> 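Once you've had a glance at the structure underneath, I'll fire off some questions.
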Amino acid sequence: MASVELKNLSKSFGDVEVLHQLNLTVAEGEFVALVGPSGCGKSTLLRIIAGLEEASSGDVLMDDKWVNDLTPRERNIAMVFQSYALYPHMTVEENMGFNLRISGLSKLEIKQRVGEAADILDLGELMKRKPSQLSGGQRQRVAMGRALVRNPDTFLFDEPLSNLDAKLRVQMREEIKRLHQKVRTTSIYVTHDQIEAMTLADRVVIMKDGRIQQIGTPTELYQNPANVFVAGFIGSPSMNLLDGKLETKGKTKKVILSDGTKLNVRSNSCPLNDGDVIVGLRPEHLHLAKGKTEKNTLTGTVNLIEPTGAQNHLKISMAGKSLAVADSTLVPLALDETIKVCIAPEQIHVFAK
Amino acid sequence: MRRTLPNISLHVVMIIGVLITIFPFVWVAIMGTHSRSDIFSSPPPFYFGDNLLVNYEKLLDVMPFWTVLFNSLFVSVMGTAGAVFFCSMCAYGFFAYDFRGKNIVFGVMIASMMVPPILTIIPSFLTIKFLGILDTHFALWFPGIANAFGIFLIRQYMVNSITRDLLDAAKVDGASDFRIYWSVVLPLIKPALATLAIVMFIGLWNNFLAPLILISTPDKYVLTLALRSVQSVANSPWGAIMLGTFLSMVPLLLAFMFFSKQMMAGLTAGAVKG
Ligand SMILES: Nc1ncnc2c1ncn2[C@@H]1O[C@H](COP(=O)(O)OP(=O)(O)O)[C@@H](O)[C@H]1O
Ligand SMILES: [Mg+2]
């Protein structure tokens, strides 16, 4: 097991800089997810950590040793690719044993270690098959097995589940999590799916356009997003972001939305000065107002109702804007009905514009 | 299969095509069994004659046939094996690595395919003479083993059949560059290798011009040269020559029978990728 540290890491392809001065520390045994929209440089970063790509500047450290010049093998990493990248001409057994064979292990030892990994991943009866004879989920498992078999210091995953269907994805996600809880190997997991990142990782790194936006535990990111991008990226359905104005009167702070609605916000959660701001309201924090007495309310007309079972996802039109609300009371509503929703002051996020 | 009219006519056309293609081979085989005077009788005989053994003795008399056959085989096998190895290695270099000037080098290489081979005869003769390998088999097979066509063919096949992730996976598994080439790349480009092998083998086997220019000792002759050298304006032993010609085609037929399936796969790869 190893810790991984990146210092002022930058990467350019020709004139295009795709990673800008990244700093990141991954502790030994930690599971860190890198998440961001497609094209933001996640794979490039992972390939640099793996040693498949050279950084343009900056340092990569593993266990406090400078490893910029080391090959993937010398770094003792294992990687799972999005395309699985199984060797098409080898059987499952040979695929998993390839790196052990290169290491010059004896046949007996290879068989034993491949067998152990196969047991963990339930690959027993597939050992003699070629990758073309496997389903997507099975290939994914073999790719995991190939990584697992070598006992690496660090696991690197590059969107390993994105080629699977939704159900299998959830199942494999659980399996990866369980696996990590068992072997506790340092893992860096790249995905563009925030739910995958949140559910799996001890800490999540949010990236955009080659820059780290925020690093934190899933809860921290959900409760205290550092900027509008993180706020909109984390959470499903995603946060409502509305233009507003911040006003301070004595000790109370208010935001005034474009339709004139005034909402109280908790003053210590909002370190900004008065002026134009962006107000963030999570759909699941907006509640249907029961009586006339409730404070911090917004008024609008119901525009769309999407029942999901546990919740009804509503779209409410409000002064030309659409507001998403996740209603778990399941109160029956009619389209075009005028309703009020309320939100607690401490659940309102305010961001600089 | 339904016996519809288009179907039948298609088969008729194809059978006629096959007959036209096969006819010269059969005729050569027939003539190998006749004496010289039978061959020149009119109409020519379209049946197997009884002069086979005489022709065979005559053939051995005018040339060391089995030595010459072995020479041809040696040159073709060495050239083919060398070409498959070096072209695939070179193609792997162009495919897997990024280096300065890669596109220029590749472009020049492709452009060199456009030069008519006839134009290079004198320069290559001079080069071979300079190297002191005139009148050796080495001069026949060695210069062609890293040829532009082969490199191009195999590289294009790699582009279609090998992903960057696969090479990366092998690197992560700790394979050296040569190991990746040997254990991962080569097994995946077998159809292209077979195609190149058969093209090279036929080319070397049928090569006449190069041996004519480079080989002077009769013991080092290859089949094409030996068969031609016993043909003179008058009195050529045609029965023996035809027999030798037929025997010289047998190895190619055998090679094609073994490799045709792989070769077709190589030639149509990409076209039917699904
Ligand atoms: N080998 C390369 N050459 C040039 N540009 C590249 C190369 N690899 C990636 N890029 C560019 O770098 C950016 C980040 O790519 P990538 O790391 O694959 O993003 P992600 O994995 O987050 O989707 C993209 O704009 C991509 O076009
Ligand atoms: Mg990617």
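We name chains A, B, ... by the order of the sequence lines, and we start the count at 1 in each one. This is a predicted model, so every value here is computed, not measured.
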> Heavy-atom count around Leu119(B) CG within 6.0 Å, excluding the residue itself: above 12?
yes
> Identify every side-chain donor-acceptor pair in residues 119-126 of chain A under 3.5 Å, counting partners at least two apart or on other chains, and give the distances.
none

> With a 4.5 angstrom heavy-atom cut-off, is it the side chain or the backbone of Leu188(B) that approaches chain A, or both, or neither?
side chain
> Could you tell me whether Phe208(B) atom CZ has more than 12 heavy atoms of other residues or ligands within 6.0 Å of it?
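Count over threshold, so yes.
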> Is atom CD of Gln133(A) surrounded by more than 12 heavy atoms (other residues, nucleotides or ligands) closer than 6.0 Å?
yes
> When heavy-atom pairs shorter than 4.5 Å are enumerated against chain B, which of Arg146(A), Arg150(A), Arg47(A) gives the highest number?
Arg47(A)
> Does any backbone or side-chain atom of Ser176(B) lie under 4.5 Å from a heavy atom of chain A? Answer side chain, backbone, both or neither.
neither
> Show me, pair by pair, the donor-acceptor contacts under 3.5 angstrom made by side chains of residues 93-109 of chain B, not counting sequence neighbours?
| residue | atom | partner | partner atom | Å |
| --- | --- | --- | --- | --- |
| Tyr97(B) | OH | Asp177(B) | OD1 | 3.1 |
| Lys102(B) | NZ | Phe94(B) | O | 2.8 |
| Lys102(B) | NZ | Tyr97(B) | O | 2.7 |

> Which residues from residues 65-98 of chain A are near chain B, with near meaning under 4.5 Å between non-hydrogen atoms?
Pro72(A), Arg73(A), Ile77(A), Ala78(A), Met79(A), Phe81(A), Ser83(A), Ala85(A), Leu86(A), Tyr87(A), Pro88(A), His89(A), Met90(A), Phe98(A)
> Show me the donor-acceptor pairs within less than 3.5 Å that the side chains of residues 145-156 of chain B make with the rest of the protein, sequence neighbours left out.
| residue | atom | partner | partner atom | Å |
| --- | --- | --- | --- | --- |
| Asn147(B) | OD1 | Phe149(B) | N | 3.4 |
| Asn147(B) | OD1 | Gly150(B) | N | 2.8 |
| Asn147(B) | ND2 | Gly144(B) | O | 2.9 |

> Please state whether the side chain, the backbone, both or neither of Leu52(A) comes within less than 4.5 Å of a heavy atom of chain B.
side chain
> Does a sphere of radius 6.0 Å around CZ in Phe70(B) hold more than 12 heavy atoms from other residues, nucleotides or ligands, not counting ones at 6.0 Å or beyond?
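Atom CZ in Phe70(B) is not crowded, with 12 or fewer foreign heavy atoms closer than 6.0 Å.
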